[in-house]
There are 2 protein chains.
Amino acid sequence: MNSHCDRACQRCLDNLCTHKIPVFSTLPYEALESIARRIIHQDVPAGAVFIEAGVKNDRLTIISEGQAKACRYTADGREQILYIYSEGDFLGERDLILAQESPYQVEALTDVKLCQLTAESFHQFIQEHAEISMQIIHSLSRRLSRLEQMIQNMGQRSIEARISTALLDFAEQYGVQQKEGIYVRLPLSREGLASYIGITRETVSRKLSQLETENIIQSIGHKMILIRNQQALKEFSD
Amino acid sequence: MNSHCDRACQRCLDNLCTHKIPVFSTLPYEALESIARRIIHQDVPAGAVFIEAGVKNDRLTIISEGQAKACRYTADGREQILYIYSEGDFLGERDLILAQESPYQVEALTDVKLCQLTAESFHQFIQEHAEISMQIIHSLSRRLSRLEQMIQNMGQRSIEARISTALLDFAEQYGVQQKEGIYVRLPLSREGLASYIGITRETVSRKLSQLETENIIQSIGHKMILIRNQQALKEFSD
DNA sequence: CAGGAAATTTGATTTTAATCACAGATTAAG
DNA sequence: CTTAATCTGTGATTAAAATCAAATTTCCTG
């Protein structure tokens, strides 16, 4: 057990998990180290909810390993996935800034290792390093752009367009280019994909089958997709 | 013509249109005045596009009078409205921050009076008044929350829920409470409402008619709606 | 305030995806 | 490696909203 703590701290001090976060990227090494020392580590098993909707959250959370999803539930009980977080992403900063409860829950999609910073440490660092507010502004701005794009995507009538956009997004983030095309390990099940784009599991299946018939993609098991014709997806997408 | 300029400047110096902007609200009067002096005024007729999508935009724009909409166009040529701006709202700050082209166009819904600040002035003020970065962060954070809610809304299966949410939002912003209910002057036509929630004009009509039959709302001409039973809308909404 | 333009409502039909039901495939655990 | 549990794909049916096509209402201009 002691070895676990050592390993975690070592990971942070060596790799400086803070270093992965764009918001902190302009800080000098000493500052990063000083942040790293205050970081609280937490391991979360796949499927666990580590931030609950409607509960006051006083930590900035960094995904050090694994993936997680942020989601809300609609009136009819269906899940709407808002964000997929991967290694290096951080979350919860807005709750600290606005001192509000988390508006959605965050659930581990795989086993996840978290690094967390208390509200106190976070605010202290903003004060000590005024230059990072500009970084935070940038980061929020990019997130805004992403959401605007997502809204446009969800407003689309055509389901092909919506699925294509999602696949292209995942390809960009998780894809590996090979001769045959781009191999993408999907962070979500079909059900998850459905929640992400706001349709049903069955419709996702049908449209993916159709794309496969047209030789645009190829399913490899449940978790992997090979994009054979990226161009075709781009044309559907816009 | 001279009188126009005087009037505009007077409006800014007297009322300090900058004062209406939450982001600047913490600044001392002198700072506000100094900003106001640099403001460029522009009058825009209803229907005119004053910020074009894909064009570099180097002004922070404040809506001093009137209303405007920000929209993008989907692959199939349909319009998706992202924001409705009213008096006191500001826009374009993100383009300045990220030095990017406007990702959407902004069009006047009514005759509009704008106050604009150049990128240069804007950046200078951020530097001189570091405290406003925190205000900007707050403002962006609130906008993020709004978009997240909008995504959840668009992911909803039920159209009642989507329309109800939109009506409640407009009521909150533009509504006037009376004995009979809340009178709301809609900023958008039925067509606009449709673009806002991602459905067709006809479906909007039908659902509004249905809500009227159920005595939940009442249409008064094309621009006004009386919400008789806010509670019912809230129940649809969530 | 009349008249025409624009926006809206309503009806009929078609298209699309949701729903329901189940078979088949993949994954994970022992 | 087997087996159960879970996830996924497909067919049939239903429900819902899009589309197409008027008819009506509202709004604005002269």
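Lettering follows sequence order; numbering is per chain, from 1. Atom set for the values below is all heavy atoms of this structure, side chains included, hydrogens, waters and symmetry mates excluded. Just so it is clear, the model here is predicted, and its values are computed rather than measured.
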(request) Figure out the CZ/P separation between B/Arg185 and D/dT26, and round it to whole Å. (result) 15 Å

(request) Please work out which residues in residues 204-216 of chain B have a non-hydrogen atom less than 4.0 Å from an atom of DNA chain C and list them by number. (result) B/Ser205, B/Arg206, B/Ser209

(request) Could you verify whether a donor N or O on one side chain and an acceptor N or O on the other, from A/Ser237 and A/Arg162, lie under 3.5 Å apart? (result) no

(message) Given C/dT26, D/dT26, D/dA18, identify the nucleotide with an atom nearest to the side chain of B/Thr200.
(response) D/dA18

(request) Using the closest heavy atom to pick a nucleotide of DNA chain C for each, name whichever of A/Ser158 or A/Lys223 lands nearer the 5' end. (result) A/Ser158

(message) Under a 3.5 Å cutoff, is there a donor and acceptor pairing between the side chains of B/Ser86 and B/Tyr174?
(response) yes

(request) Starting at CG of B/Asn57, measure out to CD of B/Gln116 and round the result to the nearest 0.5 Å. (result) 7.5 Å

(message) Before you tell me yes or no, could you show the steps for A/Glu79 and A/Lys69 under salt bridge (charged side-chain N to carboxylate O under 4.0 Å, His left out), namely the whole-Å CA-CA distance, both residues' side-chain angles and the distance that decides it to 0.1 Å?
(response) CA-CA 11 Å; A/Glu79 173 184 275; A/Lys69 68 177 178 186; 3.2 Å; yes

(message) By the 4.0 Å heavy-atom rule, please label A/Glu191 as base, sugar-phosphate, or nothing.
(response) sugar-phosphate

(request) Grab the CD1-P distance between B/Ile163 and C/dT9 for me, whole Å please. (result) 11 Å

(request) Provide, to the nearest angstrom, the distance between the CD1 atom belonging to B/Ile197 and the C1' atom belonging to D/dA16. (result) 15 Å

(request) Could you state the atom-to-atom distance from CZ of A/Arg201 to C1' of D/dG11 in whole Å? (result) 14 Å

(request) Could you tell me if the ring centre of A/Tyr196 sits under 6.0 Å from that of A/Tyr83? (result) no

(request) Return the value, rounded to whole Å, for the distance between atom CG of B/Leu193 and atom P of C/dT9. (result) 10 Å

(message) Measuring from the side chain of A/Arg190 (C-beta onward, heavy atoms only), which nucleotide among D/dG9, C/dA18, C/dA7 has the closest atom?
(response) D/dG9

(message) Using OP1 and OP2 only, check whether a side-chain N or O of A/Thr203 sits under 4.0 Å from C/dA18.
(response) yes

(message) In this structure, how many angstroms lie between the P atom of C/dT19 and the CZ atom of A/Arg78, rounded?
(response) 7 Å

(request) Check the distance between C/dA5's P and B/His222's NE2 and give it to me in whole angstrom. (result) 17 Å

(message) Please report the interatomic distance CG(B/Leu167) to CG(B/Leu186), rounded to the nearest 0.5 Å.
(response) 7.0 Å

(message) Please report the interatomic distance CE(A/Met150) to OG(A/Ser145), rounded to the nearest 0.5 Å.
(response) 14.0 Å

(message) Please pick, from D/dA18, C/dT8, D/dC20, the nucleotide with the shortest atom-to-atom distance to any side-chain atom of B/Glu202.
(response) D/dC20

(request) Report the distance from atom CD1 of B/Ile220 to atom P of D/dT25, rounded to the nearest whole Å. (result) 17 Å

